[in-house]
Amino acid sequence: MKVNIKGTVLEKFSRESNFNGKKEERLFIRLFQQGERVNLDVNVKPATYSEIKTGQVIELNDITVTSYKDVLYARQ
């Protein structure tokens, strides 16, 4: 499902992933959305990651959100 997400950036972080034997670094931002119970981690592109600052209120467009076993996954 494609959605627009608006929230406050709580933190920026990266995780290493091993996909088909290749190690790569994935960039994430953690968003706080007023009225929601869970903070949403969004996998973003490097250009977006470098533009965003902690504490900034942002709106991301055309984000793909999926769920698996009661966890939300979001990707730009």
Side-chain angles (χ1 to χ4, degrees):
M1 168 179 11
K2 296 260 186 177
V3 296
N4 295 339
I5 297 174
K6 184 176 182 179
T8 304
V9 179
L10 292 178
E11 66 177 311
K12 295 169 41 172
F13 59 96
S14 63
R15 292 184 190 152
E16 282 189 17
S17 66
N18 191 354
F19 186 70
N20 291 336
K22 295 180 182 177
K23 286 187 178 180
E24 61 181 39
E25 186 177 37
R26 295 197 175 186
L27 304 172
F28 291 88
I29 58 169
R30 181 162 290 152
L31 285 181
F32 168 76
Q33 297 173 297
Q34 185 132 359
E36 297 296 326
R37 292 180 150 191
V38 178
N39 295 327
L40 183 63
D41 293 344
V42 183
N43 183 354
V44 294
K45 297 175 184 176
T48 305
Y49 186 84
S50 64
E51 293 173 2
I52 294 173
K53 296 180 182 176
T54 303
Q56 180 180 359
V57 177
I58 61 167
E59 183 170 355
L60 299 171
N61 299 320
D62 295 330
I63 302 298
T64 303
V65 178
T66 57
S67 65
Y68 179 72
K69 293 187 178 182
D70 298 331
V71 178
L72 291 174
Y73 296 93
R75 176 177 285 223
Q76 185 177 27

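In what follows, every heavy atom counts, from backbone to side chain, and hydrogens, waters and symmetry copies are set aside.
- When the shell of 6.0 Å around CD of Glu24 is examined, it contains more than 12 heavy atoms from other residues, nucleotides or ligands.
- Among residue pairs with one or both ends in residues 67-76, those qualifying as side chain to side chain donor-acceptor pair (under 3.5 Å) are Thr48-Gln76; sequence neighbours excluded.
- In the hydrophobic clustering (ILVMFWY side chains linked at under 4.5 Å, chained through shared members), Phe32 is joined by Leu10.
- By the side chain to side chain contact (heavy atoms under 4.5 Å, CB included) test, Glu36 pairs with Gln33, sequence neighbours left out.
- Checked against ring pair (Phe, Tyr, Trp, His ring centres under 6.0 Å), Phe13 has the following partners two or more places apart in sequence or in another chain: Phe28.
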Practice prompt. Decide yes or no on side chain to side chain contact (heavy atoms under 4.5 Å, CB included) for Leu31 and Val9, but give the supporting numbers first.
Written response: CA-CA 5 Å; Leu31 285 181; Val9 179; 4.0 Å; yes

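- Residues that satisfy the side-chain hydrogen bond (donor to acceptor under 3.5 Å, both in side chains) test with Thr8, not counting sequence neighbours, are absent from this structure.
- Considering only residues two or more places apart in sequence or on other chains, Gln34 meets the side-chain hydrogen bond (donor to acceptor under 3.5 Å, both in side chains) condition with none of them.
- In this view, Arg15 and Asp41 satisfy the salt bridge (charged side-chain N to carboxylate O under 4.0 Å, His left out) rule, not counting sequence neighbours.
- Take Ser14 and apply the side-chain hydrogen bond (donor to acceptor under 3.5 Å, both in side chains) test, not counting sequence neighbours, and it matches Glu25.
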Show the atom names and distances, to 0.1 Å, of all donor-acceptor pairs under 3.5 Å that link a side chain in residues 49-65 to residues at least two apart or in another chain.
| unit_1 | atom_1 | unit_2 | atom_2 | d |
| --- | --- | --- | --- | --- |
| Ser50 | OG | Pro46 | O | 3.4 |
| Ser50 | OG | Ala47 | O | 2.9 |
| Gln56 | OE1 | Lys53 | N | 2.9 |

